[in-house]
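Structure first, commentary second.
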Amino acid sequence: MGFPRQVSIDISEHFFRLTTESVRLRSNETHSYQTLATLVNARAASAAAMDHDSDVLRSHLDKIPTEGGIRIKLRVTASSAENLSEAQHILAKQLGQGMSAGDMLSLLLFDYIVEQKAKAVVAKLREQGLDLPPTQATGKIASDSQQVSPSVPMA
C-alpha cells in the first residue's frame with residue numbers, strides 16, 4: 001500500500017467540493033494561485049502527525065464518499081508520496097480499515113480545512129481581545145462573585 005506519485009482517481013461530487021474549497025483556502029492563505037498538487041505537496045510532510053479522533057475521521061470518510069464520477073489527476077513529489085504512504089499506513093492502522101490513495105487525500109484535505117477554520121476562529125477571538133486573560137482583556141480584576149462578559153466592559 002504505497003501512495004503513488006501520479007494519482008488519477010474518480011471522486012465523488014462532495015470530495016470534488018472538498019478539493020476546490022481546500023485550493024481556494026490555500027490560495028487565499030498564500031496570496032498566490034494554488035493547485036491541488038501544490039497543496040498536497042505542502043501538507044504531505046505533516047500528514048502522519050494528523051491528530052483527529054478515529055471516529056471523526058471515519059465520520060468524514062462516511063459523509064464525503066471518496067469514489068464517484070469526477071476524474072482528477074495530480075502528480076506529487078517523491079518525498080510527498082513517501083510521507084503520504086507513511087500517513088496512509090498509520091491512519092489505516094488507527095482506523096482499522098483499508099485506505100485508498102483517495103481516502104488519504106480526503107483526510108489530508110479535511111485536516112487542512114479544520115486547521116484553517118480553527119485559525120479563523122482564533123483570529124476573530126484575538127480581534128475581540130478574547131485570547132487574553134479577563135484581567136488583561138478588560139483592564140479590571142473580576143471578583144469570584146462577578147460574572148465576566150468579555151464583550152461588555154466592566155463598570
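Only heavy atoms go into these numbers, but all of them, side chains included; no hydrogens, no water, no symmetry mates.
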What is the distance from atom CD of Gln88 to atom CG of Leu105, rounded to the nearest 0.5 Å?
9.0 Å
Name all residues meeting the salt bridge (Lys or Arg N to Asp or Glu O under 4.0 Å) criterion together with Arg5; count only those two or more places apart in sequence or in a different chain, and write none if there are none.
none
Please check this pair: side chain of Tyr112 against backbone of Val23, looking for a donor-acceptor N/O pair closer than 3.5 Å.
no
Joint cluster assignment, Leu84 & Ile90, ILVMFWY side-chain distance < 4.5 Å:
no
Can you pull out every salt bridge (charged side-chain N to carboxylate O under 4.0 Å, His left out) where at least one residue sits in residues 80-89? Sequence neighbours excluded, please.
none
Separation between CG (Leu36) and CG (Leu74), nearest 0.5 Å, reads 5.0 Å
Determine whether Val56 and Phe15 fall in the same hydrophobic cluster, where Ile, Leu, Val, Met, Phe, Trp and Tyr are linked whenever their side-chain heavy atoms lie under 4.5 Å apart.
yes
Check Lys124 with Glu127, please: is the shortest side-chain N to carboxylate O separation under 4.0 Å?
no
With heavy-atom distances below 4.5 Å as the criterion, would you say the side chains of Thr66 and Ser100 are in contact?
yes
Taking only residues two or more places apart in sequence or in another chain, which ones pass salt bridge (Lys or Arg N to Asp or Glu O under 4.0 Å) with Arg75?
none
Lys63: partners by side-chain contact (heavy atoms from CB on, under 4.5 Å), with sequence neighbours left out
Ser59
Check: residues 38-50 side-chain donor-acceptor pairs under 3.5 Å, at least two apart:
from, atom 1, to, atom 2, distance (Å)
Thr38, OG1, Gln34, OE1, 2.9
Thr38, OG1, Thr35, N, 2.9
Thr38, OG1, Thr35, O, 2.9
Thr38, OG1, Thr35, OG1, 3.3
Asn41, OD1, Thr77, N, 3.1
Asn41, OD1, Ser80, OG, 2.9
Asn41, ND2, Ala37, O, 3.1
Arg43, NH1, Glu115, OE1, 3.3
Arg43, NH1, Glu115, OE2, 3.0
Arg43, NH2, Asp111, OD2, 3.0
Arg43, NH2, Glu115, OE1, 3.2
Ser46, OG, Arg43, O, 3.1

Is it the case that one hydrophobic cluster holds both Ile70 and Met104, taking links as side-chain heavy atoms less than 4.5 Å apart, direct or via other members?
yes
How close do Gly102 and Ile9 get, heavy atom to heavy atom, and via which atoms?
CA-CD1, 3.6 Å
Pairing residues for Glu13 by the salt bridge (Lys or Arg N to Asp or Glu O under 4.0 Å) criterion, not counting sequence neighbours
Arg17
Would you please name every residue forming a side-chain hydrogen bond (donor to acceptor under 3.5 Å, both in side chains) with Asp10, sequence neighbours left out?
Arg71
Hits for side-chain contact (heavy atoms from CB on, under 4.5 Å) against Asp62, two or more places apart or cross-chain, chain-then-number order -> none
Write out all pairs satisfying ring pair (Phe, Tyr, Trp, His ring centres under 6.0 Å) with one or both partners inside residues 31-70, taking only residues at least two apart or from two chains.
His52-Phe110, His60-Phe110
Could I get the full list of side-chain contact (heavy atoms from CB on, under 4.5 Å) partners for Leu95, not counting sequence neighbours?
Ser54, Leu57, Arg58, Leu61, Gln97, Met99, Leu107
Which atom pair, heavy atoms only, marks the closest approach of Phe3 to Val76?
CE2-CG2, 4.3 Å
For Glu21, check side-chain hydrogen bond (donor to acceptor under 3.5 Å, both in side chains) against everything at least two apart and list the hits.
Arg24
Listing request: all salt bridge (charged side-chain N to carboxylate O under 4.0 Å, His left out) pairs with a residue in residues 89-107, at least two apart in sequence or in separate chains.
none
